[in-house]
Amino acid sequence: MFAASCSDIVTDRTEVTGAGPDEMLKLRAGPGLDYNVVLGLPDGTSLSRRACVTEVGQLWCQVSLTAAPQIIGYVSADYLSES
């Protein structure tokens with residue numbers, strides 16, 4: 001596995017977008033599909049974005065829930081709104 005830093009963002013507000021009306025974005029324990037799912041996040045979920053990494057060609061961002069900052073994990077950056 002290869003991980004490289006891709007952002008100097010410390011914390012940035014964003015929200016889940018594009019997961020679909022009947023789907024949830026998987027919040028994972030680490031940056032990649034091999035990590036356990038922590039929680040499912042519906043579209044519109046408010047997040048605080050931290051650092052992002054590239055893992056096997058996919059950009060993953062570490063996030064925490066705005067409403068519950070102690071819940072931290074990684075999501076695909078493809079499903080985060082532009083802030």
Go through the side-chain N and O atoms of [X] and [Y] and say whether any donor and acceptor fall under 3.5 Å apart.
X   : Y   : answer
T14 : S81 : yes
S76 : Q58 : yes
R13 : S48 : yes

Point to revise | R28 side, atom CZ; W60 side, atom CH2 - distance, nearest 0.5 Å | key: 5.5 Å

For a quick test of reading the model, state the closest non-hydrogen atom pair linking [X] to [Y] and the distance between them.
X   : Y   : answer
P69 : A67 : CD-C, 3.8 Å
A19 : D43 : N-OD1, 2.8 Å
S64 : I72 : CB-CG1, 3.8 Å

Check your understanding: Is E23 atom CD crowded by more than 12 heavy atoms from other residues, nucleotides or ligands, each under 6.0 Å away?
Key -> no

Review point. Who else is in the cluster with L47 when I, L, V, M, F, W and Y are joined by side-chain contacts under 4.5 Å?
Key: V16, L25, L27, V38, L39, L41, V63, L65, I71, V75, Y79, L80

